[in-house]
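Take a look at the structure set out below.
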Amino acid sequence: MILKSLFSRIHVPVLKRSLDAASLRQTTIASNLANIETPNYRRKEVVFESELQKALDPEKLSGVVTNPKHIQIGRTDLNNVQPKVIVDKTRTKASGVNNVDVDQEISSLAKNQLYYAFSAKLISIQFNRIKEAINERTR
């Protein structure tokens, strides 16, 4: 019961979703690079951080949803923020045959690797704090 309350706090679930988003973004970027010469392929990208920021914004009001048929009012519940893959519908032909720009994808790949490493470090810190709390309790 104590572990459940520790793990259900906001930090670990949010960091887990951040790692999931980074993993999905890695797959999406790899798909974009694999299809750089595919005619009419549309670049894809993952949207997560902007939705997470909206859900964490304390300035926005939020409604309580007590039934699945209710419409969400105000900011999104933090538990419902999930990474989404969207299709970039711009018509520019960065690679000559579609809208995938190899320089942009490589840059996004490096940025995503840093994001993943940072999120993994933060979740490691959270688990170390939990471990320290458990060890102090047993002394």
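Numbers for residues simply follow the sequence, beginning at 1.
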Could you tell me whether a side-chain N or O of [X] sits under 3.5 Å from a main-chain N or O of [Y], the two making a donor and an acceptor?
| X | Y | result |
| --- | --- | --- |
| Ser23 | Leu19 | no |
| Asp88 | Asn99 | no |
| Asn98 | Thr38 | yes |

Taking only residues at least two apart or on different chains, which pairs with a member in residues 103-113 satisfy salt bridge (charged side-chain N to carboxylate O under 4.0 Å, His left out)?
Arg43-Glu105
With sequence neighbours excluded, give me every salt bridge (charged side-chain N to carboxylate O under 4.0 Å, His left out) pair touching residues 13-34.
Lys16-Asp20, Arg25-Glu49
Hydrophobic side-chain clustering at under 4.5 Å (ILVMFWY, transitive links): who's grouped with Ile86? Put none if nobody.
Val47
With a 4.5 Å cut-off on side-chain heavy atoms, are [Y] and [X] touching?
| X | Y | answer |
| --- | --- | --- |
| Leu52 | Val14 | yes |
| Leu33 | Ile106 | yes |
| Lys84 | Val46 | no |
| Glu51 | Gln82 | no |

Go through the steps to decide whether Ile36 and Val102 satisfy the test side-chain contact (heavy atoms from CB on, under 4.5 Å), and finish with yes or no.
CA-CA 8 Å; Ile36 196 160; Val102 69; 3.5 Å; yes
Pairs under 3.5 angstrom only: tabulate donor-acceptor contacts from the side chains of residues 117-129 to other protein residues two or more places apart or in another chain.
| from | atom 1 | to | atom 2 | distance (Å) |
| --- | --- | --- | --- | --- |
| Ser119 | OG | Tyr115 | O | 3.0 |
| Asn128 | ND2 | Ser124 | O | 3.4 |

Side chain to side chain donor-acceptor pair (under 3.5 Å) partners of Tyr41, counting only residues at least two apart
Ser31, Asn32
Please determine whether the number of non-hydrogen atoms from other residues, nucleotides or ligands lying under 6.0 Å from atom CD of Glu37 exceeds 12.
no
Going by side chain to side chain contact (heavy atoms under 4.5 Å, CB included), name the residues that satisfy it together with Val87, two or more places apart in sequence or in a different chain.
Arg42, Lys44, Lys89
Which distance, rounded to the nearest 0.5 Å, do you find between the CG of Asn40 and the CG of Asn35?
11.5 Å
Spacing of CD1 belonging to Ile29 relative to CG belonging to Leu109, to within rounding of 0.5 Å:
5.0 Å
Evaluate the criterion side-chain contact (heavy atoms from CB on, under 4.5 Å) for residue pair Glu45 and Val85; output intermediate values, then yes/no.
CA-CA 6 Å; Glu45 63 183 304; Val85 177; over 6 Å; no
Kindly give the heavy-atom pair with the smallest separation between Pro83 and Phe48, and that separation in Å.
N-CD1, 3.6 Å
